[in-house]
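Computed from a predicted model, the values in this text were never measured in an experiment.
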Amino acid sequence: MAYWLMKSEPDELSIKGLEKLGSARWDGVRNYQARNFLRAMAVGDEFFFYHSSCPEPGIAGIGRISLAAYPDPTALEPQSHYFDPKATPEKNPWSAIDVAHVETFARVLKLDYLKQQTALAEMPLVQKGSRLSVMPVTAEQWAAVLGLR
DNA sequence: GCCAACGTTGGC
DNA sequence: GCCAACGTTGGC
């Protein structure tokens, strides 16, 4: 089993939103590196749910991959914010996955706090200028974050 | 709202 | 294939 971290704007989907829904489609990824990580995910893999572009950026909980990568339907929907005019049903470059709620942390592990953890120094998340929205997490990093809850 | 950092696009 | 211009991300 592998570990990941995925960013979401809580206005779109928050950890509490996912908790309420139980499961959701994770779509709209429009970056090739992030997409390739989506495609590397397997059912059962777990990920840290990160809140970005919000008053309190940080890790807010845990989710699990419930369905492996499939073509992202939002790329084909003209009314979608994520519409890609170059995508066709036959050739859709973008991928989505389905995720399930696992845990909502009692408090958000804030970005500035995560940055203080030497065990997390290698994570793209805490590195200056990194905008990657989907990234792998090592078993050591996973355990370190769990210890901060 | 600002702006640093990065990815993508498109002219050449 | 280079690289300038542009768009986006995302913290602050």
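The separation between A/Lys128 atom NZ and B/dC6 atom P is 9 Å, rounded to whole Å. One can place CG of A/Asp11 at 13 Å from P of C/dG11, the figure rounded to the nearest angstrom. For the pair A/Leu125 CG and B/dC6 P, the computed distance is 15 Å after rounding to whole Å. When the P atom of C/dG11 is taken as reference, atom NE2 of A/His51 falls 12 Å away, rounded to whole Å.
Using the six-membered ring where Trp is involved, A/Trp26 and A/Phe47 have ring planes that are perpendicular, over 60° apart on the 30 and 60° scheme.
A/Leu67 shares a hydrophobic cluster with A/Tyr70; the chain of contacts runs through ILVMFWY side chains whose heavy atoms sit under 4.5 Å apart.
Heavy atoms of other residues, nucleotides or ligands lying less than 6.0 angstrom from CD of A/Glu77 number more than 12.
Among the heavy atoms of the strands lying under 4.0 Å from A/Lys115 are primed sugar atoms or P, OP1, OP2 only; no base atom is included.
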Just the atom pairs and distances: protein N or O near nucleotides 8-10 of chain C's N or O, under 3.5 Å.
unit_1	atom_1	unit_2	atom_2	d
C/dT8	O2	A/Arg131	NH1	2.6
C/dG10	OP1	A/Lys7	NZ	3.1
C/dG10	OP1	A/Arg131	O	2.9

Open item on the list: A/Gln117 vs A/Gln141, test: side-chain contact (heavy atoms from CB on, under 4.5 Å). Steps then yes/no.
Closed with: CA-CA 10 Å; A/Gln117 311 301 321; A/Gln141 291 162 349; over 6 Å; no
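Annotation: the span from A/Thr104 atom OG1 to A/Ile15 atom CD1 amounts to 4.5 Å, rounded to 0.5 Å.
Between the side chains of A/Arg30 and A/Thr74, at least one donor-acceptor pair of N or O atoms lies under 3.5 Å.
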